[in-house]
Every structure is written in structure tokens, then in C-alpha cells.
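Below is one structure, written out as C-alpha cells; the observations come after it.
When reading the values below, keep in mind they use all heavy atoms of this one structure, side chains included, and skip hydrogens, waters and symmetry mates.
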Amino acid sequence: MSAISHHIPEPLMAAYAAGSLPRPYALVVAAHVSMCDACRATVAAHEVAGGVVLDEMVKAPVEEDLKASVLALLDAPVDPEPEPVKRSGVYPGPVMEALKGRPPRWKSLGMGVKQCILETGDTGSVRLLHIPGGRAVPDHSHNGLELTLVLQGSFSDETGRFGVGDVEVGDEDLEHTPVADDGPPCICLAATDAPLRFNSLIPRLLQPVFKI
Amino acid sequence: MLAVRDRQDRAAFGALFDYYAPRVKGMLMRKGCGHGQADEIVQDVMLTVWRKAAMFDPQRAQVSAWIFQIARNRHIDVIRKESRPMPEELAQEPDAEPDASQVLGMEQEAKQLKEALARLKPAQREMIEAAYLGELSHRELSEKTGLPLGTIKSRIRLGLDKLRHELKGMRAE
Ligand SMILES: [Zn+2]
Ligand SMILES: [Zn+2]
């Protein structure tokens, strides 16, 4: 496996550590950190900074009997925590968790391109994309931020080449046509906070159908 | 914290409670929780500290950093009713002697960070607090948080490399 060369930008890492990153992006960050020790160290560094802030936090007194009730609960039986969902194949633990432990159920987008929507809601959506080697994702631009993490294979677009573990950060200004490189199909995890806008007429008409 | 982890020492846990409970509550109230709700979350957080103590690794985290992330996760669970996506855990080597120099190094880095925070102008300091309390969106967070995180990053990276190395050695045995 080649080294990861495209990482998560610092403000997103800080927001992830602080807990303010919307869930679709947080899933991409958690998946990337599962694959990248450099970014794992970055998250941990931000958490140390969070700990420093906590240390210096203005104290608010807790109810007098809270300590006693916590101490009384120390021996209380607890349900064992569910085991964290493990990585399976190319899918890191947090992705398997979003898949509820099952393999992805792909829906065709035509031309051999497939997607599997993991989550969609007010804060955006996150999906898996499956693109056969040599095929392109339809030409599109973004209303907001788009994070794309490569899980298998690689793709290239106007801005460079992205291999396993790499993250592409797209915004309003990026209009790109990612093409999967020859070889095994490219599988990506992609999160957006707004629908993608496709630039040719047909895919735009199909948008509501495919929930892109 | 190590007394809590290694000997389930209740007196040590009591001291940890006295120190952290009001700070965690301060953090929760700043995040907009009312007294009652904040106390409930503080209770959950402190019980989690007790129950998960075995997972605390001083080579990879400061006590305050560890409790910070437990409190943040619990707050998200309760307020947003959703769980926060977490990276895969790195396997922990059973019963390994903690590397004292690594632990000391982490402490020194955190101390330097604390001093850096103390040196900031009030407005800047307020920004940092807002950032780590989750009050700023990723768009509002500028390239730099204003705290020098470079050296602590490399210190943590060192600990991770060492852990990976030892895990590899264990698998080879
Ligand atoms: Zn990275
Ligand atoms: Zn795009």
C-alpha cells in the first residue's frame, strides 16, 4: 500500500476533536484516522488541548449528593458494552458500523457506477461509491463541502491522484470529473452537506430518483 | 488515575471526582446544559471513567484529555441523540510496562500547552475555549487554532509508532 499523501485539513480535525463536526464528515474522519497514524496523532493532540481547556474550565459546583450516588453506583452491574464493529475487507470499523455489520447493498447509477447510501439527513449525507476502473463519476459541482476517502483502488481528477487512504476535499469552487484509474474498481466513502449538482441535463433529472 | 486503573482505588477515584466533576459540569453548562441535565451527564461521565479505567493509557493521553473526550461523546449522545463515529481502537498490548520517558514527555507537552494558553490574550483564549467546547463550526475554525500543537503531535506519533512496533513483535512471536 502506498503512503497516504492527502490528509484531512486541520480545521476539520479540530472540529472533529471538539465534537462539532456534522456526522457525515465525522464518519469520513473516523474512517481516515483508522487508516492514518499521522491524523490519529493530530486528533489526540487536539484532545490534549481540549483537556487543557477542561483543566482551566470555570468550575460549576455539582449537587452535594452527586458524589455519594456515583460512589454507590461503582459496583452496580452494567450491561457489557457492545464490542466495537471490526474492519471487514476494505471497510474500516466506523464504516462497518454505519453498514450495521453487513456488506453494502449497491444500487446502480448506470455505466457500472454504483452507490450505497449510508446515511442521509439534515446535516448532509454519506455514501459509498463503486466505480469500475476507467469509468468516471458524472461531472458535477458542489453546493458545500465534499469529502471523499478512497478505500480501494484509486481515482484521478483535475487536482491530482488519490489512492487508498487519501482524502479529497471539494468545495463550491471545485468542478471535477473523478475517473477511476485502471485496475480494481475504486471504492470511496463520500460525504456532502448538500446535494451534488450534476452538470449535464440527464443526471440532474435523475437526481431526485437516486438521492444524490 | 493510575491508582484507579491498577487497584480500583476508591479514595483515588473520589479525589478524581472532586477535581473533575465541577470542571466537566462547567464545560456542560457552557455548552448550554441546565443544572439537572449537567449533573446527570457528569454522573455518567464519572462512572464511565471508573468502568473504562483499564483502557486508560498514559503513554497516549493525558487524564484530562481522556476525560474531555468521554464528556464530549456523552454530551453528543444525550443532546444530539446520535453516537459519534469513532476510529478503530488500536489494540493494547497486555500488561506492558508503560514507558516512563514517554509518559513524562506527554506530561511536559501538556504543561507547555497549558502555559501557552495562559500567555494568550483574553480574546484569543476565549476563541480557543469556544473551539474546544464545540462552539465553532469547522468553517469558523481558522487554519490555526492558536495553540502550538506540532510538538505534542510528534510526541503522540512516537508513542503510536512504538505501539505498532510492539504489536508487530507480538504477532511475530
Ligand atoms: Zn491522515
Ligand atoms: Zn465531487
* Asked: In terms of heavy-atom proximity below 4.5 Å to chain A, should B:S83 be classed as side chain, backbone, both, or neither?
  -> both
* Apply the test side chain to side chain contact (heavy atoms under 4.5 Å, CB included) to residues B:Q8 and A:L74: give CA-CA distance (whole Å), side-chain angles for both, the deciding distance (0.1 Å), then the verdict. => CA-CA 10 Å; B:Q8 286 84 49; A:L74 293 186; over 6 Å; no
* Asked: Rounded to the nearest 0.5 Å, how far does CD of A:E63 lie from NE2 of B:H35?
  -> 8.5 Å
* To do: Identify the residues of residues 14-23 of chain B whose heavy atoms come closer than 4.5 Å to a heavy atom of chain A, ordered by number, or report 'none'.
  => B:G14, B:F17, B:D18, B:Y19, B:Y20, B:A21, B:P22, B:R23
* To do: Name the region of B:V63, side chain, backbone, both or neither, that has any atom closer than 4.5 Å to a heavy atom of chain A.
  => neither
* Asked: Top residue by heavy-atom pair count (under 4.5 Å) with chain A, among B:L160, B:N73, B:D161, B:L117?
  -> B:L160
* Name the option with the most non-hydrogen atom pairs under 4.5 Å to chain B; the candidates are A:D37, A:V85, A:V58. => A:D37
* Asked: chain B heavy atoms under 4.5 Å from A:A38: which part of the residue, side chain, backbone, both or neither?
  -> both
* Might you point out which heavy atoms bring A:G19 and B:I76 nearest each other, and give the distance in Å? => O-CD1, 3.6 Å
* Write down the atom of A:S20, the atom of B:G134, and the distance for their closest heavy-atom approach. => CB-O, 3.6 Å
* Asked: Looking at B:A131 and A:A18, what are the two nearest heavy atoms and their distance?
  -> O-CB, 3.1 Å
* Ignoring hydrogens and geometry, is there a side-chain-to-backbone donor-acceptor pair from A:R40 to B:I156 under 3.5 Å? -> no
* Structure fact -> Rounding to 0.5 Å, atoms CE (A:M13) and CG (B:L141) come to a distance of 12.5 Å
* Taking every non-hydrogen atom, the tightest pair across B:I67 and A:L54 -> CG2-CD2, 4.1 Å
* To do: List the steps, then state whether side chain to side chain contact (heavy atoms under 4.5 Å, CB included) holds for B:F13 with A:V70.
  => CA-CA 10 Å; B:F13 178 76; A:V70 167; 3.8 Å; yes
* Counting only heavy atoms closer than 4.5 Å, note whether B:R51 contacts chain A via side chain, backbone, both or neither. => side chain
* **Worked check of salt bridge (charged side-chain N to carboxylate O under 4.0 Å, His left out) between B:E88 and A:R87** => CA-CA 8 Å; B:E88 285 166 17; A:R87 149 181 288 274; 3.5 Å; yes
* Under 4.5 Å from a heavy atom of chain A, the part of B:E82 involved -> side chain
* When you look at B:M86 and A:E97, which way does the side chain to side chain contact (heavy atoms under 4.5 Å, CB included) test go after all the steps? -> CA-CA 10 Å; B:M86 295 288 283; A:E97 178 147 14; over 6 Å; no
* With a 4.5 Å cut-off on heavy-atom pairs, point out which of A:V52, A:L12, A:V33 contacts chain B the most. => A:V52
* Asked: Highest number of heavy-atom pairs under 4.5 Å with chain B: which of A:A26, A:A31, A:A76?
  -> A:A26
* Is chain B contacted by the side chain of A:P84, its backbone, both, or neither, given a heavy-atom distance below 4.5 Å? -> neither
* Asked: Who among A:A15, A:G51, A:A44, A:P94 has the most heavy-atom pairs with chain B under 4.5 Å?
  -> A:G51
* To do: Could you look at B:M27 and say if it's the side chain, the backbone, both or neither that has a heavy atom under 4.5 Å from chain A?
  => both
* **Residue part contacting chain B, namely of A:V78, when any heavy atom lies under 4.5 Å** => side chain
* Structure fact -> Applying a strict 4.5 Å limit to non-hydrogen atoms, the region of A:Y25 in contact with chain B is side chain
* Structure fact -> Most contact-rich option vs chain A, by heavy-atom pairs under 4.5 angstrom, among B:M46, B:E129, B:H75, B:R84, is B:R84
* **B:E115 atom CD, over 12 foreign heavy atoms within 6.0 Å** => yes
* Asked: Where along residues 100-111 of chain B does a heavy atom come under 4.5 Å of chain A, listed by residue number?
  -> B:M106, B:A110
* Which distance, rounded to the nearest 0.5 Å, do you find between the CG of A:L71 and the CG of B:L47? -> 9.0 Å
* **Gap between atom OG of B:S64 and atom CE of A:M57 - 0.5 Å precision** => 13.5 Å
* Report yes if some heavy atom in the side chain of B:H138 is under 4.5 Å from a heavy atom in the side chain of A:P22; otherwise report no. => yes
* Rounded distance [0.5 Å steps], CZ in B:R80 versus CZ in A:R23 -> 9.5 Å
* Asked: With a 4.5 angstrom heavy-atom cut-off, which part of B:L28 approaches chain A: side chain, backbone, both or neither?
  -> neither
* Asked: Can we say B:R139 and A:D171 salt-bridge, meaning some charged N sits less than 4.0 Å from an Asp/Glu carboxylate O?
  -> no
* Asked: Any idea which of B:Q62, B:R72, B:Q69 has the most non-hydrogen atom pairs under 4.5 angstrom with chain A?
  -> B:R72
* Do you know which of A:V95, A:V28, A:V53, A:V43 has the most heavy-atom pairs under 4.5 Å to chain B? -> A:V53
* Asked: Do you know which of A:L21, A:L27, A:D55 has the most heavy-atom pairs with chain B at a distance under 4.5 angstrom?
  -> A:D55
* What orientation do A:H46 and B:Y132 show, parallel under 30°, tilted 30 to 60°, or perpendicular over 60°? -> tilted
* Asked: Heavy-atom distance under 4.5 Å to chain A: side chain of B:Q43, backbone, both or neither?
  -> both
